[in-house]
**Q** 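Here you go, one structure.
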Amino acid sequence: MSVTPLLEIKNLHVEFKVYGGVLKVLDGVDFRVNVGEKVGLVGETGCGKTTTMKAILRILPVPPARITGGEVLFKGRDILKMKERELRETRGRGISMIFQDPTAALNPVFTIGAQLEPVIRHASPENRRLSKKELRKLAVIPLKEVALADPERLLDAYPIQLSGGMRQRVCIGMALATNPELLIADEPGTSLDVTIQDQVLRLLQRLVEQRHSSVILISHTLGIVRQMCDRVYVMYAGNMVEEAPTRKLFANPLHPYTRGLMAAVPRLSGGGVAMGIPGRIPSYLHPPSGCRFHPRCPQAMEICKHEKPAFQQAEDDHRVACFLYDPAVAEPQKEATTA
Amino acid sequence: AAPAAPAAPAEAPAAQPTEAPAEAPAPAAGPTTLRVTFAWPTFIDPAVGNDFSSSSSLINLYDTLVFPSPDGGIVPWLAESWDVSDDGLSYTFHLKQGVKFHDGSELTASDVVYSFNRLKGIGEGFAYMLADAESAEAVDDYTVTITLGKPSGLFLPSLLRLFIVNEDLVRANTAAEGPYGENGDYGKEWLLTHDAGSGPYKVKEFQLEEYLLMEKNEDWWGEFAPNAPDEIRFIGTTEAATIRTLMANRELEISDQWQTVQALEALDEIEGVDIAALPTMTEFYFMINTKIPPTDDVHCRRAMAWAFDYDTAVGLEWPGTRQSQGPVPASLGGHNPDVFVFHRDLEKAKEELAQCKYADEIENYPVEIHWVSEVPDEEKFALLFQSNMAEIGIPVKVVSIPWLSMVENTSSMETSPHIATIYVSSDLPEAGTMLFQRYHSSTANQWLQNEWLLDEEFDARIEDALATVDQEERFAKYYELQDYIAELAPSLFIYDQAEKHAYQSYVDWPALRGEMSAVMGYYFFGPQIQVNPH
Amino acid sequence: MSNDILTVENLKKHFVIGYTGLIHREPITVKAVDGVSFSIREGETFGLVGESGSGKSTVAYITVGMYRPTSGTIYLRGEDLFAQGDERPLRFKKEIQIVYQDPGSSLNPRRTIKDILDLPLRIHQPHKNRTLEILRLLNEVELPPDYMHKYPRQLSGGEKQIIAIARALASDPSLIVLDEPTSALDVSVQGKVINLLIRLQQELNLSYLFITHDLSLMRNVATRVAIMYLGKICEVADAAEFFQNPQHPYTQMLLSSIPVLSEEEEKLKPSKIHSIGEIPSPVNVPPGCSFHQRCPYVMDVCKVVDPVMVETGPGHTVRCHLFEQPPAPAAVPETSSTVEAAT
Amino acid sequence: MAQQTAEWTGFNITEQELRRMRWQTRRENLGRSWYKFSRNPLSVVGGATVLIIILAAIFAPYITPYPDHATRPFTDFANASQPPSLEHWFGTDEIGRDIFSRTVFGFRFSLTMGVVVLSMVVPVGVILGLIAGYFQGSRIDTIIMRITDIFLAVPPLILALAIASVLEPNLFNSMVAVSLMWWPWYTRLVYGQATALRNEFFVSSAEVTGASTAHILFREILPNTLSPIFTKISLDMGWVIIIGASLSFVGLGVQPPKPGLGTMVASGAKYLPDQWWISLFPALAIVVLVLGFNLLGDGLRDLFAAEEI
Amino acid sequence: MRTLTFIARRAFHAIFVLLGLSIVIFIIARIMPGDPARVAVGARAPEWVVEQLREQMHLNDPLPIQYYYWLTDALHGDFGISLVTRRNVADDIREFFPASLELAFTSLLITAVLGIGLGTLSARHKDKFIDNVVRVISYMGVVTPSFVFAILFLLLFGYVLDLFPTIGRLSEGVPRPPTVTGFMTIDSLLAGNFTALFDALHHLILPAMALAMGTMAQEARITRASMSENLTKDYIAAIRAFGVPERTVMGRFLLKPSLIATISIMGLDFAGGLANAFLVELIFVWPGLSRYGMNAILRKDLNAISAVILVLGVVFIVVNIIVDLVVARLDPRIGLRAARSD
Ligand SMILES: Nc1ncnc2c1ncn2[C@@H]1O[C@H](COP(=O)(O)OP(=O)(O)OP(=O)(O)O)[C@@H](O)[C@H]1O
Ligand SMILES: Nc1ncnc2c1ncn2[C@@H]1O[C@H](COP(=O)(O)OP(=O)(O)OP(=O)(O)O)[C@@H](O)[C@H]1O
Ligand SMILES: [Mg+2]
Ligand SMILES: [Mg+2]
């Protein structure tokens with residue numbers, strides 16, 4: 001597997017200006033995707049997963065949102081500094097995204113065709129010269145690829161006329177229609193039933209493997225990430241707290257948050273349901289000082305309240321943002337926990 | 001007598017706008033137009049219309065047997081002469097020959113008879129004015145006899161309202177279905193938007209609620225003044241802002257008479273626009289209900305009459321307006337110049353009030369004064385009355401009321417307000433007409449009389465006066481009756497209305513010089529008006 | 001079985017959602033629940049699992065009295081809940097309570113927690129001191145007393161769901177219907193709620209009708225499980241037995257679709273059977289077995305004949321043609337490999 | 001005496017403390033509401049405008065230079081149609097009355113009209129809407145909503161005119177007339193809300209608990225429709241005032257000598273543009289008043305907006 | 001087919017509404033003060049004339065019987081004789097209604113173009129200077145009654161600047177095209193009379209503007225609100241993420257869903273504008289239905305009142321159906337609300 005980074009996010013800060021103050025949502029996010037890699041991103045609701053992805057594509061709704069720092073390097077160029085034209089080239093052909101909620105991501109008042117055609121038209125310079133008819137022919141292809149029956153007819157259907165599973169597939173089709181180098185899949189299939197979700201995920205897997213695209217897969221269901229990804233990031237309240245190859249992470253989660261999360265998942269093998277992590281995700285208006293997790297952390301130390309832990313290597317290719325693994329700070333505690 | 005054709009220099013050539021060079025910005029080439037605004041609707045069916053705008057249209061579209069002279073009398077017109085039987089019940093008219101209707105057919109005696117029967121048969125419009133006339137008969141093609149039921153001093157002037165229609169044309173356009181038996185609908189529907197007359201102008205276009213456009217009837221038997229308008233357009237609006245804009249843009253020659261004093265002042269400011277205040281047969285009354293407390297007590301009424309500030313009230317009107325002298329306008333024949341007139345005198349007012357049987361608890365008898373909401377200026381008078389009465393302690397409530405409600409309310413004694421502010425116009429230029437209209441018991445349930453005088457003596461005396469054929473004798477009776485009414489103080493006589501019109505100074509309007517009759521509508525008799533585009 | 005608290009017998013609910021044509025107006029119906037029977041024992045947690053639209057909520061709503069069934073009936077300790085015409089007697093309303101799936105919409109946003117908890121108390125426990133009772137309830141569900149005056153929007157999702165539970169407890173019921181009580185919550189919060197429910201059940205001797213589509217969760221809370229598909233129950237079994245020996249093809253498909261966290265769990269999945277096809281619309285339920293279009297083991301008979309429930313073991317019933325002839329079950333594992341190729 | 005809560009509740013707190021908690025939460029909520037409202041300065045401006053106008057209307061006799069000009073029979077034709085001056089800030093009208101005083105008093109009647117109309121309209125409209133919405137699909141729904149449709153289909157101003165001409169044309173009857181054409185809009189608004197809300201789980205929850213219909217309508221559903229209702233009320237205040245002005249154009253409405261803003265504009269319009277002040281100032285007063293209510297309404301919308309901070 | 005069913009069903013419901021409406025109208029018209037027959041012929045006409053008219057209008061019959069006559073006649077398109085114009089009310093309506101419609105349509109056009117345009121502008125530059133300007137304008141528009149605009153425009157554009165003709169539908173001297181549709185502009189066009197066409201358009205502008213101001217402001221506000229709301233929707237983010245240029249995003253994918261709210265309001269405004277235009281019609285001497293209805297009320301013209309209210313009621317209902325159809329066409333989520341009252 002190649003290790004050239006396709007996408008690299010460095011110290012990204014995003015705020016939302018809302019009435020009542022500023023939500024400091026992303027607080028120095030570091031993130032990397034290598035060419036051909038499938039990266040997972042997990043975390044509780046509202047921890048900033050979608051925000052991070054939207055920031056990559058610069059599609060955050062701009063009056064409330066503001067990117068206050070950091071860089072998003074795609075193939076070495078900073079997306080945040082791109083001009084309109086360059087940005088348009090990067091979007092779609094470079095990076096494409098499957099949105100979390102397929103119902104919300106499809107414009108309810110346009111037919112599938114009407115939404116798909118401009119996407120294809122702008123997917124490459126040649127396509128721009130195509131006639132409406134030719135475009136329509138092209139539009140059928142991505143729908144066929146996602147195994148939708150009768151794609152011709154589907155082009156004239158409105159989103160409302162499709163089932164949830166079909167909508168999700170259309171979204172996948174649209175996202176892949178531009179043949180992106182990097183595909184961001186934001187919780188694909190979460191709104192679907194288990195069996196249908198399973199179908200969709202397998203389909204997605206097959207398609208990206210065919211194209212050798214890189215993938216970012218977002219989910220708060222750990223099992224899905226485990227099933228699909230090579231490497232996993234764990235996010236909490238606007239920070240990356242842990243990163244490791246999938247197998248490693250599930251075998252040996254380090255961050256207390258990751259552990260809490262994993263413990264809380266009910267197992268098919270039985271054994272009861274753990275209590276979960278106490279408390280709730282903090283308000284972004286007044287985020288906790290120091291480590292944002294400290295108010296909920298069972299192993300919080302004094303330093304956690306004041307200082308923000310660095311996101312650093314704990315073992316090789318296993319990074320974690322926690323003082324427990326900072327040799328300078330918490331050698332004794334570490335011993336205690338591993339015991 | 002010879003028809004008093006419009007006084008005009010006959011030899012003056014019709015001003016032809018032959019050379020209308022580019023420098024003239026005003027209506028240059030094309031026909032000259034006289035544009036006048038009116039309150040709508042306008043009925044051009046002579047058996048239906050009887051209001052101001054209808055009268056003004058009818059006199060231009062139709063001819064009548066007689067024509068009013070500026071001094072209040074009448075002169076021959078279609079009827080070149082007439083004879084009266086000794087009992088005063090039968091009039092024989094000799095018609096002018098060769099008069100052509102607009103369709104070219106000749107006007108004959110049978111048309112007169114048909115018009116007479118049609119008006120009476122339909123019964124609307126001005127029909128009531130011919131109530132005493134019983135039948136008409138064509139003696140030959142050019143002779144007509146009309147028979148009266150009882151002698152009347154007012155019969156001849158009332159013929160001003162008998163417009164002669166083209167019998168054949170009307171019959172040809174009569175719908176068979178209609179309320180008038182064998183006469184079907186009497187051609188009512190058709191005549192609503194078409195004319196069947198022989199008058200100096202004929203209908204060119206008629207747009208409901210918008211305008212009536214008439215064009216000159218070149219074949220008219222009478223004479224046109226040299227610059228008489230080629231077209232007359234009556235426009236249906238009285239909106240101040242609209243009038244003003246039209247006037248300023250020279251798109252209107254004469255305004256309607258409903259403009260407020262302030263609006264007139266503003267119009268006067270416009271260059272080339274002047275204001276005319278023409279005498280009318282209309283008086284503005286505060287009609288006092290004499291049958292409900294506290295105004296059923298004559299002292300109370302007199303107290304009000306003494307307390308009212310006539311000078312201020314008259315001052316609210318256009319300069320030159322005068323306080324009414326008694327119950328009939330001074331412009332009418334038979335007006336008594338010596339009739340008793342109230343003026344403001346608070347002392348006298350208080351004295352009278354003291355004699356009123358409600359004096360001690362007058363504050364428990366609020367007097368309601370109703371003014372017609374469609375005539376906003378009336379509010380000022382009502383308010384003035386309110387504040388004047390406050391000075392002598394009579395509480396007054398001012399109520400604005402739509403005209404229709406006023407009509408409804410005045411139809412019964414109980415609902416008639418204490419005071420209704422109403423303009424009444426005399427049908428004919430004689431004091432007796434007005435006295436009858438205003439105070440005879442037969443009008444008590446109409447808006448013409450809010451007083452509910454119901455005075456048998458008065459009824460008998462006015463009936464007698466009207467039947468008196470001799471003018472001098474008749475007038476003497478009117479004089480006494482005016483004193484009789486003044487004594488009862490059933491109304492406050494505010495002022496004799498002047499018809500105020502803004503007009504363009506390029507209009508030569510004989511009415512300004514007193515050369516036109518004050519009978520309703522005749523100020524707009526087109527052949528006598530001249531429009532001089534410069 | 002005298003210790004059954006709730007017995008559901010051949011329950012049907014068909015919704016009329018429209019009419020065909022303008023002149024020939026025939027009702028278009030959704031067979032949301034189509035002949036469901038099961039019973040819940042005193043003190044147990046009966047799990048109802050199924051995909052979206054399979055009619056789980058409809059069963060729940062009928063149980064609590066929001067709908068009247070089209071046919072069939074429900075007995076509460078032997079008494080027919082629908083015997084008395086339209087309005088269900090208060091005493092039944094007291095006995096059966098519900099916790100809805102969406103904590104956001106199940107609490108009136110314009111009423112305080114106190115108001116919310118007050119209503120069932122006022123109706124069902126009118127003689128008690130309600131303020132004290134509310135405090136007691138809050139304590140019971142481990143929330144601080146100052147929550148009394150808060151509005152739902154000031155609470156987190158988990159807390160809202162806990163308030164909903166407290167409300168259900170207020171009338172002192174014996175059966176609580178839990179309609180996906182944690183599916184809108186994060187796993188980290190879910191634990192707390194589930195544990196609370198389990199503790200309450202033990203303390204108050206409650207019975208639960210627990211609805212969810214999360215089989216892993218079901219494995220950990222239910223004593224018995226029923227699987228629903230398109231308005232019908234296709235398999236019922238004790239929880240442990242169910243996960244060890246899933247029999248209905250749909251059950252297997254469900255189990256194999258679950259994303260899991262560990263190898264150990266992976267082994268429990270009949271992993272070779274993959275999900276195919278879309279869930280048919282309940283308006284157009286296919287003839288025969290409603291699952292036949294997605295079933296990897298479909299036989300000709302499945303397309304025409306609707307199977308009936310057969311007992312395959314103690315307390316384990318399945319509604320599938322494969323099990324109607326005794327030797328069938330053995331066939332299941334072998335055929336699965338051919339199915340893989342089909343996807 | 002502060003009473004200790006019974007121990008079995010599990011908490012050991014006094015009633016006083018409970019009360020204190022309540023106040024604290026209330027204060028918090030109020031603070032939050034004010035915050036949401038005030039974050040848009042225009043809402044505050046609107047609220048302040050409305051407040052000032054209400055106060056001015058209440059204290060009109062004390063703050064106007066010539067209260068007599070608005071309350072008593074008064075004419076002073078010598079001073080008629082004077083342009084604005086130090087003595088008469090807004091000038092005088094065609095009868096010599098101080099327009100400023102009359103405008104301030106005019107607020108009284110405009111506000112009264114608004115308040116009275118809405119207090120007749122809102123309860124009727126809302127209750128009908130609630131009932132029809134809650135019993136959606138039943139016969140009662142059909143009846144109520146058909147009647148509503150009928151009234152909606154009648155052109156409002158014409159209906160008002162017709163009614164006002166049936167009754168004596170005074171302020172109250174004009175208000176009745178306006179009310180008659182207004183309620184269906186509330187019914188419709190609430191109907192839409194109620195049909196949506198009746199499917200909410202909190203309503204079902206109350207139903208299955210055994211709550212009475214009245215409780216469900218007024219305690220569960222009504223509070224959730226209040227925000228659009230209040231927003232509409234504040235916007236409608238403006239509309240009612242404008243409608244009132246239109247009615248007075250044809251002679252209905254406030255009776256003289258009392259000043260109605262609409263009447264003042266209408267009668268002053270005849271003197272445009274020369275005596276512009278006669279109609280301009282009352283017109284501005286209407287605009288300011290309506291604007292105030294509109295801004296306030298927008299503020300209320302923000303206040304009630306679901307989004308939480 | 002679905003559309004047809006929808007229209008059929010709505011029309012069916014409309015029948016009930018209209019029936020109810022007719023009863024309301026009828027009652028209102030009859031309880032208004034004044035004897036219509038007397039009002040029609042004037043105070044001075046003899047009693048027999050009045051009686052004749054009363055008889056002709058069935059005014060002497062009990063109310064239900066009067067209603068029966070009125071209804072059966074109305075069903076035949078016969079609304080009786082107007083007491084004001086003395087013509088068949090049906091003829092009057094044929095004359096005035098097109099004039100009103102023409103005005104209302106023009107105003108609708110202005111409203112749509114300016115309202116949506118300003119709203120879009122405002123949403124695009126949300127919270128910037130332009131936005132604030134538009135908002136102030138729209139507030140002013142909303143709170144100022146249309147008759148104030150009418151007077152203002154008349155004085156400003158007609159009097160001070162003298163840019164526009166002030167009254168009526170055509171200038172004098174311009175020959176009227178033969179009446180086909182009653183729409184002066186269309187009739188002129190049909191007759192190939194371009195002088196009349198331009199003149200008619202010229203006459204339309206001021207009254208239509210006066211009528212449009214308030215609704216335009218309203219629509220600008222609504223467009224702005226729904227646009228800025230939709231701007232934060234995921235589907236906008238999504239289509240952007242696929243590299244579709246901003247122009248297409250704003251002009252197509254944002255505009256259409258945002259128009260739905262605006263269009264619903266526009267329908268109501270159109271129907272309302274038709275009914276409430278009388279002051280504007282009065283000021284511009286526009287021979288419209290609203291002014292006709294107003295006069296009818298002031299003169300207690302029973303038949304005319306009933307007919308006008310009925311016509312306006314029908315317009316209201318028809319417009320509502322059209323709006324529903326348009327909205328359903330624009331927004332498949334809403335669909336046809338035929339089931340609403342089932
Ligand atoms: N448009 C917005 N306006 C204001 N705040 C926002 C907006 N979008 C996101 N946020 C804030 O950012 C936080 C993170 O949101 P985000 O959608 O990125 O979370 P997430 O991790 O994707 O959650 P989920 O799993 O629910 O999708 C939220 O808590 C919210 O408060
Ligand atoms: N009131 C109703 N009117 C019409 N159809 C309904 C109604 N309620 C439910 N349905 C239909 O009945 C079927 C079963 O719905 P139900 O809500 O019971 O399913 P569910 O299993 O609870 O699904 P989910 O997991 O999505 O909650 C669905 O197809 C639904 O569309
Ligand atoms: Mg997300
Ligand atoms: Mg459900």
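Chain letters run A, B, ... following the sequence lines, proteins first and then strands; every chain starts at 1.
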**Q** Is the closest side-chain donor-acceptor distance between C:Glu265 and A:Ser269 under 3.5 Å?
**A**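 No pair is found: no donor N or O on one side chain lies under 3.5 Å from an acceptor on the other.
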**Q** In terms of heavy-atom pairs under 4.5 Å, which option from A:Pro278, A:Ala251, A:Ala264 contacts chain C the most?
**A**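 Counting heavy-atom pairs under 4.5 Å, the top option is A:Ala264.
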**Q** Mind ranking A:Gln197, A:Arg226, A:Met166 by heavy-atom pairs under 4.5 Å with chain C and telling me who comes out on top?
**A**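 Looking at each option in turn, the highest pair count goes to A:Arg226.
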**Q** Could you list the residues that satisfy side chain to side chain contact (heavy atoms under 4.5 Å, CB included) with C:Ala237, not counting sequence neighbours?
**A**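 With neighbours one apart ignored, the set is C:Glu241, C:Phe242, C:His316.
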**Q** So C:Ser262 and A:Arg267, do their side chains get closer than 4.5 Å, heavy atoms only?
**A**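 When only atoms from C-beta onward are counted, C:Ser262 and A:Arg267 do touch, with a gap below 4.5 Å.
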**Q** Given the options A:Thr195, A:Val273, A:Ile224, which has more heavy-atom pairs under 4.5 Å with chain C than any of the others?
**A**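 Top count of heavy-atom pairs under 4.5 Å with chain C: A:Thr195.
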**Q** Is the closest side-chain heavy-atom distance between A:Val194 and C:Leu215 below 4.5 Å?
**A**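 A:Val194 vs C:Leu215: side chains apart.
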**Q** What part of C:Glu264 is in contact with chain A, defined as an atom under 4.5 angstrom from a non-hydrogen atom: side chain, backbone, both or neither?
**A**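 Only the side chain of C:Glu264 comes within 4.5 Å of chain A.
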**Q** Taking ring pair (Phe, Tyr, Trp, His ring centres under 6.0 Å) as the cut-off, I'd like each qualifying pair that reaches into residues 215-235 of chain A, sequence neighbours left out, listed once.
**A**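 For residues 215-235 of chain A, and leaving out neighbouring residues, the ring pair (Phe, Tyr, Trp, His ring centres under 6.0 Å) pairs sorted by first residue read A:Phe31-A:Tyr233.
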**Q** Give, as side chain, backbone, both or neither, the part of C:Gln244 having an atom under 4.5 angstrom from any heavy atom of chain A.
**A**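 Looking at C:Gln244, nothing touches chain A.
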**Q** Under a 4.5 Å cutoff for heavy-atom pairs, which residue among A:Leu268, A:Val225, A:Asp198, A:Thr45 has the most contacts with chain C?
**A**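 Of A:Leu268, A:Val225, A:Asp198, A:Thr45, A:Leu268 has the most heavy-atom pairs under 4.5 Å with chain C.
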**Q** Measure distances from C:Ile194 to the heavy atoms of chain A and classify the residue's part below 4.5 Å as side chain, backbone, both or neither.
**A**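 Side chain only.
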